[in-house]
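Just follow the structure's listing: the first ligand is 1, and inside any ligand the first atom is 1.
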Amino acid sequence: MIDIDATPFPYPFAPGTTALVIIDMQRDFVEQGGFGASLGNDVTLLHTAIEPIAKLLAAWRARGWPIVHTRESHKADLSDCPPAKRLRGSPTQRIGEPGPMGRLLIRGEAGTSIIPALAPQPGELVIDKPGKGMFWSTGVHEMLHAQGVTHLVFTGVTTEVCVQTSMREANDRGYDCLLIEDATESYFPAFKAAALAMIAAQGAIIGWHTPSTALLEALPPN
Ligand code: C5J
């Protein structure tokens with residue numbers, strides 16, 4: 001184990017059994033014309049997370065450690081998208097409607113794919129999740145268990161929605177979870193700050209957080 005400098009106290013990092021989790025770095029959230037923009041969000045706020053995630057991805061690939069990419073997405077017939085999700089709010093376009101990158105959040109459409117800078121490689125897990133959390137209706141817990149994964153390092157978007165939900169689900173399943181501060185972003189900077197504070201409060205009640213440099217500088221050589 002390696003102690004990583006983190007909030008609220010050092011994170012016990014397990015080389016080889018820690019998966020890098022990249023939540024929903026999809027064109028639909030990061031680019032103009034996607035689901036995130038349809039909700040009225042400024043998608044450029046998410047762009048600063050891309051480079052730190054790319055550096056972590058390179059570090060994990062160089063060491064052959066497990067990597068998980070998630071995509072928030074639905075079946076073409078929307079049978080896995082409850083009306084409570086599809087009809088909520090007043091977006092310019094709803095899930096399943098056609099946009100410039102295809103039908104919003106539908107599997108196989110261009111907008112649902114992960115941005116080219118972070119595109120998955122063969123051998124990496126790619127999880128399509130109908131909910132905000134990565135464990136609901138995906139089977140990912142069994143896949144991680146089969147690989148011997150005990151710890152999860154979280155990155156991706158958005159901090160207080162799919163990242164925090166996934167981290168809470170993971171914490172309940174017994175994983176030690178570390179969120180990388182500069183490798184996650186929100187359309188709402190205040191919500192990102194609040195999510196970080198909630199996660200680490202009460203003695204790491206959900207997990208830890210730290211900047212990417214603190215983790216990268218502490219990794220064993222590959
Ligand atoms: C949202 C996500 N914000 N990936 N999804 O609806 O956080």
Visitor: Ignoring hydrogens and geometry beyond distance, is a side-chain donor-acceptor pair present between Thr112 and Arg71 at under 3.5 Å?
Guide: no

Visitor: Could you check ligand 1 for N or O atoms lying under 3.5 Å from protein N or O atoms and list the pairs with distances?
Guide:
residue: ligand 1; atom: 3 (N); partner: Thr158; partner atom: OG1; Å: 3.4
residue: ligand 1; atom: 4 (N); partner: Asp24; partner atom: OD2; Å: 2.8
residue: ligand 1; atom: 4 (N); partner: Val157; partner atom: O; Å: 3.2
residue: ligand 1; atom: 5 (N); partner: Glu72; partner atom: OE1; Å: 2.9
residue: ligand 1; atom: 6 (O); partner: Lys132; partner atom: NZ; Å: 2.9
residue: ligand 1; atom: 7 (O); partner: Thr158; partner atom: N; Å: 2.9
residue: ligand 1; atom: 7 (O); partner: Thr158; partner atom: OG1; Å: 3.0
residue: ligand 1; atom: 7 (O); partner: Cys162; partner atom: N; Å: 3.1

Visitor: Would Val163 end up clustered with Ile127 when hydrophobic side chains under 4.5 Å apart are linked, directly or stepwise?
Guide: yes

Visitor: Using the side-chain contact (heavy atoms from CB on, under 4.5 Å) rule, pick out the option among Asp176, Leu215, Val21 that qualifies with Val153.
Guide: Leu215

Visitor: Any idea how His141 and Phe135 line up, ring-wise: parallel (<30°), tilted (30 to 60°), or perpendicular (>60°)?
Guide: perpendicular

Visitor: What pairs meet the ring-ring contact (aromatic ring centres under 6.0 Å, His included) rule with one or both residues in residues 73-125, with sequence neighbours excluded?
Guide: none

Visitor: Is the closest side-chain heavy-atom distance between Phe13 and Thr18 below 4.5 Å?
Guide: yes

